[in-house]
Amino acid sequence: MSDKPKNTAKPKSTGTAERQRLSVFKTYKLYVGGKFPRSESGRVYEVTDSKGKWLANAPLSSRKDARDAVVAARKAFGGWSGATAYNRGQVLYRVAEMLEGRRDQFVREVADSEGLSRSKAAAVVDAAIDRWVWYAGWTDKIAQVVGGGNPVAGPYFNLSTPEPTGVVTVLAPQESSFLGLVSVIAPVIATGNTVIVIASEKSPLPALSLGEVLATSDVPGGVVNVLSGKTAEIAAPLAAHQDVNAIDLAGADDVLAKELEVAAADNLKRVVRPQAVDYFAAPGIERLTAFLETKTVWHPTGALGASGSSY
């Protein structure tokens, strides 16, 4: 037996195993013109869950951010409104596909934002995905429902067709941060409009994450622009903006809604007033038709007499 002493010393630790890993916190950004800028002001505000626990810092949008969003929405309007209705339906369906793939993320964000159990948050997310599919199916059908030939007393063809209004500002519902959000965005873009959406002030994270989905879902940049921050602060310049054609006040209280209606009257914007809505209920076509204009075309057919038609 050898008399050589055994080396009982433990190998030196590199510290890798003992070192606690730090989580990588997500940086939430605005979604404007197909890009993800931070607020022009550089400001952020804390977003907390229903128990006051910190979740993230969200961009605090400025008036400049709002004006930039209008420019992006107007630039995108021509291409989006000029696309075929069938193509718009394909794009909206693609959004639903991408949301399905990131379902777990949105379930977590909705649960944290709205103080829901995971099972209830999952039901909200599933309903939101189904809502995208529902509106995707309407893109090439709404014209047949609200348009068509009109019977007139005279030698004319008289045809009415719906056309998009233009750039629409949407104040997202405050309490329904995801299902309500989808329910007010999807019908606006399904009919060929472009939109600037102001996310729920206290629960903006699902809306900001939706921007990431839209960016990878074939939705052209500028069709949907997502801002976060103080609703009243962002909505005021948008309601008065001369290049905004309509505004949906779903997320405004009575006082703010009245102020924004007055500002919107300056260039005769279409206004959808806030109302109590059960977003789980089956949607109708009211939000599809709210931001459509009707174009009527008259075409002479010639004189019609008892002996027949002459052209």
Side-chain angles (χ1 to χ4, degrees), residues 30-35 66 69-99 127-143 145-146 161-173 176 178-199 206-227 238 243-251 269-270 272 279 283-293:
L30 307 176
Y31 181 57
V32 177
K35 299 179 181 179
V70 175
V71 172
R74 178 57 64 188
K75 184 177 179 180
F77 177 69
W80 183 244
S81 61
T84 65
Y86 179 74
N87 178 247
R88 288 199 298 269
Q90 289 179 308
V91 172
L92 264 67
Y93 188 82
R94 178 63 176 164
V95 175
E97 287 181 344
M98 298 299 289
L99 283 174
I129 295 172
D130 293 346
R131 192 63 44 87
W132 277 109
V133 175
W134 194 85
Y135 281 116
W138 269 104
T139 56
D140 58 355
K141 301 174 181 66
I142 189 65
V145 175
V146 299
T161 56
E163 292 189 340
T165 296
V167 175
V168 181
T169 292
V170 172
L171 279 61
S176 186
F178 191 53
L179 177 55
L181 172 80
V182 169
S183 297
V184 295
I185 292 178
V188 175
I189 65 172
T191 48
N193 299 287
T194 55
V195 65
I196 302 112
V197 58
I198 304 173
L208 296 174
S209 291
L210 179 63
E212 298 171 5
V213 171
L214 297 172
T216 55
S217 301
D218 301 327
V219 180
V223 171
V224 179
N225 304 276
V226 182
L227 304 176
L238 290 173
D243 205 24
V244 173
N245 304 109
I247 186 167
D248 185 342
L249 301 175
K269 289 181 180 64
R270 283 184 170 229
V272 174
Y279 290 108
I285 64 169
E286 290 79 11
R287 288 191 179 275
L288 285 167
T289 58
F291 303 115
L292 284 175
E293 306 284 348

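Source: prediction; values computed, not measured.
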A.B. asks: To the nearest 0.5 angstrom, please state how far the OG1 atom of Thr84 sits from the CG atom of Asp140.
C.D. replies: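 One gets 8.5 Å once the value is rounded to the nearest 0.5 Å.
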A.B. asks: Would a 4.5 Å heavy-atom cut-off, applied to side chains only, mark Val95 and Tyr135 as touching?
C.D. replies: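 No, side chains not in contact.
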A.B. asks: Under 3.5 Å, is there a donor-acceptor pair between the side chain of Thr139 and the main chain of Ala85?
C.D. replies: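 Indeed, once roles are kept as given, a pair shorter than 3.5 Å links the two residues.
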A.B. asks: Locate the shortest heavy-atom distance separating Ala73 from Ile196; write the atom from each residue and the value.
C.D. replies: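 Smallest interatomic distance, heavy atoms only, reads CB-CD1, 4.0 Å.
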A.B. asks: If I compare all heavy atoms of Asn87 with all of Ala83, which pair ends up nearest, and what's the gap?
C.D. replies: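 Of all heavy-atom pairs spanning Asn87 and Ala83, the closest is OD1-CB, 3.9 Å.
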A.B. asks: Taking the side chain as everything from C-beta on, heavy atoms only, tell me whether Leu238 gets closer than 4.5 Å to Ile247.
C.D. replies: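 The answer is no; the side chains never approach within 4.5 Å.
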A.B. asks: Whether the side chain of Trp80 engages the backbone of Ile189 through a donor-acceptor N/O pair (distance < 3.5 Å, no angle test) should be reported.
C.D. replies: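 Side chain of Trp80 to backbone of Ile189, a donor-acceptor pair under 3.5 Å: yes, one is there.
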A.B. asks: Apply the side-chain contact (heavy atoms from CB on, under 4.5 Å) test between Val195 and each candidate in Val226, Val184, Val188; give the one that qualifies.
C.D. replies: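 Going through the options one by one, the only one that passes is Val188.
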A.B. asks: Please answer whether the main-chain N or O of Val182 pairs with a side-chain N or O of Arg131 as donor and acceptor at a distance below 3.5 Å.
C.D. replies: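 The answer is no, because no donor-acceptor pair under 3.5 Å joins these two groups.
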A.B. asks: With rounding to the nearest 0.5 angstrom, report the OG1 to CG distance, Thr169 to Asp248.
C.D. replies: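 That separation rounds to 10.0 Å.
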A.B. asks: Measure the spacing between CG of Asn193 and CD of Glu293 and express it to the nearest 0.5 Å.
C.D. replies: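 Those atoms lie 9.0 Å apart.
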A.B. asks: Quick check: are there more than 12 heavy atoms from other residues, nucleotides or ligands sitting under 6.0 Å from NZ of Lys141?
C.D. replies: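 Atom NZ in Lys141 is packed in, count exceeds 12.
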